[in-house]
Amino acid sequence: MPETQRRPESRYGNRPTMKDVAARAGVGLKTVSRVVNGEPGVTPETERRVQESIDALGFRRNDSARVLRKGRTATIGLVLEDLADPFYGPLSRAVEEVARAHGALLINGSSAEDPEREQELALALCARRVDGLVVIPAGDDHRYLEPEVRAGVATVFVDRPAGRIDADCVLSDNFGGARAGVAHLVAQGHRRIGFIGDMPRIHTAAERLRGYRAAMEDAGIPVADAWMSLGATDPARVRRAAEEMLSGAAPVTAVFSGNNRVTVTVIRVLAEQVRRTALVAFDDLELADLLQPGVTVVAQDAAALGRTAAERLFRQLDGTLLGPERIELPTRLITRGSGELPPAD
């Protein structure tokens, strides 16, 4: 081929192989294999030459074939709702730390709260032969995973339960936490308390609404429809809901916000109001203690959720579990000032 027609070199090149290492060191493939895998039977001088060749070529052992021979890939998958949500940072990190302690690699991805995308991502991870899945479900029908579970893929659901299959799940006490948060507002003298939450089809949103209703019923307070708003957590929707609750002849004197994304917008709306309104938020958030007043929250332990789910997953892989369980972790009310404001009227 003429010089001007020669195909361009690949900018990535080819990875060096054990054959390349053997040729450079002047030894056989079996000798390289022994050095790479830490096996005996190689003289110190030969080992030195092989190691020098490995370093010079930048050779790395291909673990994929090695672990496949053992029937495990030493990888687990994590399907999150939204990688950008601060709540999932410590949860993901905890899963990763448990995986690392078991010599496994974590691969994660986001469903973007889309059930179809969740299914696509979960099955793509299974197609890559992950040993197990930790799933924060976006959908409510997980029968698509039944063939994978039967094939030996360990599966644990976290933050929300699985839909239409019997599976391990690790949850926070969303109902009890919301009930305690609203009861705290009632104890400060509030009777007109608004609730702004996420989409009602989401398990956590539904449970927190149920907790809100229970606390109001416990106090003998009838709930007006105008005091409740569930829907998308985008700022425009939450702002409209908050402004409507805070206006009119009998506005709410307190707000219970259903998650951290809702809370950020509610804080902005409250800062624009002349009248001070009490606030208790489900989920802690960064800098909540530095605001004036600090934000009173119902905190859940995201790291404990992730750690418990991952440990459960590896117990499944070890064969030490008898059957699926539902594990519910407690929440904690942290008082900082916003939830202790008395009614303005």
Side-chain angles (χ1 to χ4, degrees), residues 80-97 108 110 112-113 136 158-159 172-174 177-178 180-185 187-188 190 193-199 202 204-205 208 211-212 229-243 245-246 252-307 329-342 344:
L80 296 162
E81 178 208 339
D82 183 358
L83 289 168
D85 189 328
F87 173 75
Y88 294 117
L91 188 154
S92 177
R93 178 63 180 271
V95 173
E96 184 177 23
E97 288 301 315
N108 60 30
S110 172
E113 202 61 74
I136 296 171
V158 64
D159 190 43
S172 291
D173 181 9
N174 293 283
V182 176
H184 183 70
L185 289 169
Q188 313 309 309
H190 295 279
I193 303 170
F195 174 86
I196 305 177
D198 207 334
M199 302 291 287
I202 297 173
T204 50
R208 293 168 195 176
Y212 162 81
S229 178
L230 279 83
T233 58
D234 66 273
R237 199 284 301 183
V238 174
R239 173 173 284 276
R240 284 194 302 272
E243 288 176 345
M245 289 181 188
L246 293 165
V252 298
T253 62
V255 174
F256 184 80
S257 59
N259 66 30
N260 55 358
R261 285 169 292 186
V262 170
T263 302
V264 170
T265 301
V266 170
I267 289 171
R268 290 192 170 109
V269 173
L270 294 183
E272 299 165 3
Q273 304 292 312
V274 174
R275 181 170 49 86
R276 300 189 86 187
T277 301
L279 171 66
V280 173
F282 204 108
D283 289 335
D284 206 353
L285 62 160
E286 192 173 5
L287 305 182
D289 58 327
L290 298 182
L291 296 173
Q292 292 296 327
V295 181
T296 295
V297 299
V298 176
Q300 53 181 332
D301 193 336
L305 283 170
R307 183 169 55 253
L329 303 183
T331 58
R332 183 166 59 103
L333 180 69
I334 304 174
T335 58
R336 296 189 178 121
S338 70
E340 293 66 62
L341 295 173

What I'd like to find out is whether the side chain of Val280 reaches to under 4.5 Å of the side chain of Val298, using heavy atoms alone.
yes
Check: Leu270 and Leu279 side chains under 4.5 Å, non-hydrogen atoms:
yes
Quick one: are Ile202 and Glu81 in side-chain contact, heavy atoms under 4.5 Å?
no
Report yes if the side chains of Val238 and Val269 come closer than 4.5 Å at any heavy-atom pair, otherwise no.
no
As a quick check of understanding, evaluate side chain to side chain contact (heavy atoms under 4.5 Å, CB included) for Tyr88 and Asn108, giving each step before the final call.
CA-CA 11 Å; Tyr88 294 117; Asn108 60 30; over 6 Å; no
Measure the shortest side-chain to side-chain distance between Asn259 and Thr204 over non-hydrogen atoms and say whether it is less than 4.5 angstrom.
no
Heavy-atom distance under 4.5 Å between the side chains of Pro86 and Glu286, does that happen here?
no
Can you find a side-chain donor-acceptor pair between Ser229 and Arg240 that sits under 3.5 Å?
no
Calculate, to the nearest 0.5 Å, the distance between atoms CG and CG belonging to Leu329 and Asp173 respectively.
9.5 Å
In plain terms, say whether Arg93 and Glu97 are close enough for a salt bridge, that is, a side-chain N and a carboxylate O under 4.0 Å apart.
yes
Arg237 side-chain N/O to Ala232 backbone N/O, donor-acceptor pair under 3.5 Å:
yes
How about Arg208 and Phe195: do any of their side-chain heavy atoms sit closer than 4.5 Å?
yes
Does some side-chain heavy atom of Leu341 sit less than 4.5 Å from a side-chain heavy atom of Gln188?
no
Assess the side chains of Glu340 and Thr335: does a donor N or O sit below 3.5 Å from an acceptor N or O?
no
Looking at the rings of Phe256 and Tyr212, which for Trp means the six-membered one, are their centres under 6.0 Å apart?
no
Return yes if some donor-acceptor pair links the side-chain N/O of Ser338 with the main-chain N/O of Pro293 below 3.5 Å, else return no.
no
